[in-house]
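Working notes, structure below.
Residue indices begin at 1 and follow the sequence shown.
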Amino acid sequence: PGVSRSDGLRVLVGVEGRLTSGGAPLAGQVVRFFTDGVQRCEAITGADGVAKCSDFASSVAAATLALGYDGAYVGTGGYASSHASAPLIH
């Protein structure tokens with residue numbers, strides 16, 4: 001992820017997450033991205049298992065940026081749900 005532009009307190013960044021099962025990518029699955037417990041976007045995984053949101057908006061102060069974002073997969077069929085967190089700024 002990285003900051004792409006800033007407009008007042010609204011900061012737009014790109015985020016992504018990779019969904020796998022046994023090391024193999026899971027395509028066509030919905031991944032939801034959150035900050036502060038609020039869903040900001042959702043994306044479908046590609047053939048590589050990666051879900052991307054290019055305009056991930058955080059309408060909060062820089063302190064929240066340091067807390068990062070969460071990605072969540074609710075699970076389907078034979079796949080269990082999953083959750084991970086990462087920083088917005090490295």
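- By the 4.5 Å heavy-atom criterion applied to side chains, Pro25 and Arg18 are counted as neighbours.
- Nearest heavy-atom pair, Ala43 versus Phe33, reported as atom, atom and distance to 0.1 Å: CB-CE1, 4.4 Å.
- Taking CD of Gln39 as the reference point, atom CZ of Arg32 lies at 5.5 Å (rounded to 0.5 Å).
- Residues Leu19 and Tyr79 share a single hydrophobic cluster, defined by chaining ILVMFWY side chains whose heavy atoms lie under 4.5 Å apart.
- Taking both residues in full, the closest heavy atoms of Thr45 and Leu26 are given as OG1-O, 2.7 Å, listed atom of the first, atom of the second, then distance.
- To the nearest 0.5 angstrom, His83 atom NE2 is 7.5 Å from Phe34 atom CZ.
- In terms of heavy atoms, Tyr73 sits closest to Gln29 at OH-OE1, 2.7 Å.
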